[in-house]
> 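Below is a structure I'd like to ask you about.
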Amino acid sequence: MGQSSYYVPHDTSWWPIIGSVGLTSLVVGASILLNGSGGLGQFMMLAGFVVTIFMMFGWFGLVISESMAGKYSAQVDISFRWSMSWFIFSEVMFFAAFFGALFYARMYSLPWLGGEGSGVMTNEVLWPTFETVWPSNGPAEIGGDYKVMGAWGIPALNTAILLTSGITITWAHHALKANHRGQLIMGLFLTVLLGAVFVGFQAYEYIHAYNDLNLKMTTGIYGSTFFMLTGFHGFHVTMGAIMLAVILVRCMKGHFTPENHFAFEAVAWYWHFVDVVWLGLFIFVYWL
Amino acid sequence: MSTAAPAEHDHHEEHATGLTRWLTTTNHKDIGTLYLWFSFIMFFVGGFMALIIRAELFQPGLQIVDPQFFNSMTTMHALIMIFGAVMPAFVGLANWMIPMMLGAPDMALPRMNNWSFWILPFAFAMLLGTLFMDGGAPAAGWTMYAPLVLQTGDAFPFMIFSIHLMGISSVMGAINIVATILNMRAPGMTLLRMPLFVWTWLITAYLLIAVMPVLAGAVTMLLTDKFFGTSFFNAAGGGDPVMFQHIFWFFGHPEVYILILPAFGIMSQIIPTFARKPLFGYASMVYASASIAFLSFIVWAHHMFTVGMPLAGQLFFMFATMLIAVPTGVKVFNWVATMWRGAMTFETPMLFAISFVILFTIGGFSGLMLAITPADFQYHDSYFVVAHFHYVLVPGAIFAIIAGVYYWLPKWTGRMYSEPLGKLHFWTSMIFMNITFFPMHFVGLAGMPRRIPDYAVQFADFNMIASIGAFGFGFSQLIFLYIVLRAIRTGEPATAQVWEGAHGLEWTLPSPAPYHTFDTPPDPQLIVKEGHS
């Protein structure tokens, strides 16, 4: 793998500052939009989005070309591995905040609102008729009547889809290591396809929830946790599927060797991460 | 001299110049410099806000600013000092020193390093921009408790997104530091030969990676509660405002150790140098740092004893909190034992370091008082709390940063600062700092609440004293700025080792350190000679 010494880019890079401009434009635009000035906000968001995408193409393209040129030693590879691992860990902690909210609401706030615990006056004073149940939209029944999203329809199917995609990507990885290009591309293609089907099902489920179940983000704590957790997860699956698609294109171009293919592995790790998060979602959001 | 032969480096000294250099650099020393100057600017911006607060509190009654703006000042002062001054200063020191201490050619991911920094000016431009918006800057306190914070005006989404950006910057910076420490050590630099500053930063980086995303999640829930009708922090919908406090402090308590662990590391570099003895209890320092980091995850609710927690929770968080005093005590003991019978001299970094050990310990003791749940019911939200955390942050974090700057400035610039001016800066800072914050213990115990622009007349005298101290402390920092600028321009040339008792790879490099160092790793024998064991 390339050179023996550690690759330090001694030249400069404009990509980070371009990324900063893009991200800032994106979030300033979002802020303006949320404060009620649609036109300017939408324009800034769009501009920020375009600049951020431009940055990603440029920066990742640069890294790919350096990798192809053999500039990255085995030691650089280890830096990438540590960094990707800890990035995924930071993502786990991001989801932990929302899972924490879910568990807190179910374990503490709803029972307390229902009158459990000592010294808790809320039930007695404000909502004496409220009884703890899950799912709940709270004692004020915010969002009105709703129906619960069942676990054994689309969500169970989606569980099977993601688990299968975990198998197909492992198949692709083995094929890559055995230098079987056909199997590699087939396995990866199937993984991307399964990811896309998953996202499609989630979109269908959201439409069903809003139109038929009256289950919305505004449906009290149940709707809040449901859409926050599944929404961020769906976003991550979408990102992961796009990353897989990029890797698929790179596989078809023959970028990877059986020994040297960390980009593939990084995306596979990421894919397994969204898979595991989904299992948590399926159990705690849909099932129990 | 190590492998840093000048001839090899002259070739690499060519780099972009002017603004382009600073915008596009991938060099850890340039990026360290950017972080440090950014932090210095934010230190003065946040300090200016503190002086507005102290000017208003000089006398009882409403004199200078209206209460809403006063609350904005307390909120912004905290956000800017924590995320804009102290954290970037530590990251700047890490950028400059960790690769040189480990014998590494640069940080593990140099381009991402640039991005970690260059997000910050944008994030703080957004945050400071809220001062000019409808409804004013955020005024609900840096802890952003729901539901109060949901009453923020146009500033609200800007505050939330600026925190997201700061979080992205911190996580990328922390990942870079972890990858550098785990993967870039020169051959022979085993984990237990690493300087303590590197160790404490490794542990800090883990804390950052673990908790900054939780803060991002917490503020995201605030955003959706405000704009998208969710009920996370709304009891009517089955949520709970207290839930925000739990999630926030799950981030917030490790955060306070993020603000102090690198300071511990700096102390553990400086004290052995000027005591001319190896650090006492090196391994126990490492284990104590790791223990503090672990405990920091299971003590968060001591910030919220008065919200109405089950008794079991109060007891658990009280005892877990008090347990932190044990590893912290190990550290203080080790610093004192390092100085014991040392051949001590008292240059400016050492003066700041010794005052750190004493004054941080005072802050630690008031923390122990606050940890006692029944006593905290009295102290909660009083000026006693303000006194406590300023004792751990000002003579703690800030003094450590200042000490680190004096200690390493000759290595960065190749020039010495003025020792008499440094001592003047130390004595004015140390005396005025105590004049500012010590009286806050008294008014706090007597019942003065924090975050108020006006107060009962019996607190007047001590508040007047505190305000005088604050202005004295603030203006003392202008001396610091002058000292740094003077050292850069006209300071005496520094030697490679700079300090007689200094050991470590960074002191084997010339002063100023060449633009690229350790392109080839140093001799393992040198690491053994300069190391701890």
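First the proteins, then the strands, lettered A, B, ... as listed; each starts at 1.
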> Tell me which of these, A:Ser90, A:Gly143, A:Gly36, has more heavy-atom pairs under 4.5 Å with chain B than the rest.
A:Ser90
> Between B:Phe227 and chain A, which part of the residue has a heavy atom less than 4.5 Å away: side chain, backbone, both or neither?
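Only the side chain of B:Phe227 comes within 4.5 Å of chain A.
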> Side chains of A:Thr219 and A:Asn137 only: does a donor on one sit below 3.5 Å from an acceptor on the other?
no
> In terms of the angle between their ring planes, are A:Trp112 and A:Tyr104 parallel, tilted or perpendicular, with boundaries placed at 30° and 60°?
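Perpendicular.
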> Against chain B, label A:Leu34 side chain, backbone, both or neither, depending on which of its atoms sit under 4.5 Å from a heavy atom there.
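Contact with chain B is through both the backbone and side chain of A:Leu34.
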> Side chain from CB out, backbone as N, CA, C, O: work out which of these in B:Ile209 comes under 4.5 Å of a heavy atom of chain A, or both, or neither.
both
> Flag the one option from B:Ala210, B:Gly229, B:Ala236 with the top tally of heavy-atom pairs under 4.5 Å to chain A.
B:Ala236
> Could you look at A:Phe232 and say if it's the side chain, the backbone, both or neither that has a heavy atom under 4.5 Å from chain B?
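Side chain only.
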> Counting heavy-atom pairs under 4.5 Å with chain A, which one of B:Thr220, B:Asn234, B:Ile168 comes out on top?
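Heavy-atom pairs under 4.5 Å are most numerous for B:Thr220.
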> Indicate yes or no for a side-chain donor-acceptor contact from B:Gln314 to the backbone of B:Met309 under 3.5 Å, with no hydrogens or angles considered.
yes
> Non-hydrogen atoms of chain A under 4.5 Å away: do they reach the side chain of B:Asp154, the backbone, both or neither?
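Both backbone and side chain.
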> Between A:Phe60 and A:Phe57, does the ring centre distance come in under 6.0 Å?
no
> Which bit of A:Leu62 comes within less than 4.5 Å of chain B, counting heavy atoms only: side chain, backbone, both or neither?
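When you check distances to chain B, only side chain atoms of A:Leu62 fall under 4.5 Å.
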> Of the backbone (N, CA, C, O) and the side chain (C-beta and beyond), which part of A:Trp15 lies under 4.5 Å from a heavy atom of chain B, both, or neither?
neither
> What is the ring orientation for A:Tyr206 with A:Phe227, classed by angle as parallel under 30°, tilted 30 to 60°, or perpendicular over 60°?
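Rings of A:Tyr206 and A:Phe227: perpendicular, as their planes differ by over 60°.
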> Verify, without hydrogens or angle tests, whether A:Lys216 (side chain) and A:Tyr210 (backbone) share a donor-acceptor contact under 3.5 angstrom.
no
> Looking only at side chains, do B:Thr180 and B:His28 share a donor and an acceptor under 3.5 Å apart?
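Short answer, no.
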> Any side-chain to backbone donor/acceptor pair from B:Ser170 onto B:Gly167? Under 3.5 Å, distance only.
no
> Checking the side chain of B:Thr224 only, and the main-chain atoms of B:Met221 only, is there a donor and an acceptor separated by less than 3.5 Å?
yes
> Identify which part of B:Leu208 has an atom lying under 4.5 Å from any heavy atom of chain A, answering side chain, backbone, both or neither.
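Contact with chain A involves no heavy atom of B:Leu208 at all.
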> Let's test your reading of the structure: which of B:Phe232, B:Trp118, B:Phe233, B:Phe228 forms the most heavy-atom pairs below 4.5 Å with chain A?
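With the most close heavy-atom pairs to chain A, the winner is B:Phe232.
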> Side chain, backbone, both or neither: which part of B:Asp134 has a non-hydrogen atom closer than 4.5 Å to chain A?
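Contact with chain A involves no heavy atom of B:Asp134 at all.
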> Do side-chain atoms of B:Ser169 reach the backbone of B:Leu165 as a donor and acceptor pair under 3.5 angstrom?
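The answer is no, because no donor-acceptor pair under 3.5 Å joins these two groups.
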> Does any backbone or side-chain atom of A:Met55 lie under 4.5 Å from a heavy atom of chain B? Answer side chain, backbone, both or neither.
side chain
> Could you verify whether a donor N or O on one side chain and an acceptor N or O on the other, from B:Trp300 and B:His246, lie under 3.5 Å apart?
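There is such a pair (donor and acceptor under 3.5 Å, judged by atom type) between the side chains of B:Trp300 and B:His246.
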> Heavy atoms only: give me the nearest B:Ala235-A:Pro139 pair and the separation to one decimal.
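Heavy atoms only, the tightest pair is O-CD, 3.3 Å.
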> Less than 4.5 Å to any heavy atom of chain A: does that hold for the side chain of B:Val214, its backbone, both, or neither?
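Both backbone and side chain.
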> Looking only at heavy atoms and a cut-off of under 4.5 Å, which of B:Ala205, B:Ala125, B:Gly238 has the most pairs with chain A?
B:Gly238
> If I measure from the heavy atoms of chain B, does A:Phe95 come under 4.5 Å with its side chain, its backbone, both, or neither?
neither
> Check whether B:Thr25 reaches the backbone of B:Trp22 with its side chain - one donor and one acceptor, N or O, closer than 3.5 Å.
no
> Using non-hydrogen atoms and a 4.5 Å limit, figure out which bit of A:Met217 sits close to chain B: side chain, backbone, both or neither.
both
> Quick check on B:Met184 against chain A: is it the side chain, the backbone, both or neither that has a heavy atom closer than 4.5 Å?
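Looking at B:Met184, backbone and side chain both touch chain A.
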> For B:Phe156, is the NZ or CZ atom of B:Lys226 found under 6.0 angstrom from the centre of its six-membered ring and inside 45 degrees of the ring axis?
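Judged by the rule, B:Lys226 and B:Phe156 form a cation-pi pair.
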> Where does B:Phe250 contact chain A at under 4.5 Å (heavy atoms): side chain, backbone, both or neither?
side chain
> Report which part of A:Val92 has an atom under 4.5 Å of a heavy atom belonging to chain B: side chain, backbone, both, or neither.
neither
> Side chain, backbone, both or neither: which part of A:Ala96 has a non-hydrogen atom closer than 4.5 Å to chain B?
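Answer is neither: A:Ala96 stays 4.5 Å or more from chain B.
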> Does any backbone or side-chain atom of B:Met126 lie under 4.5 Å from a heavy atom of chain A? Answer side chain, backbone, both or neither.
side chain
> Where does A:Thr122 contact chain B at under 4.5 Å (heavy atoms): side chain, backbone, both or neither?
neither
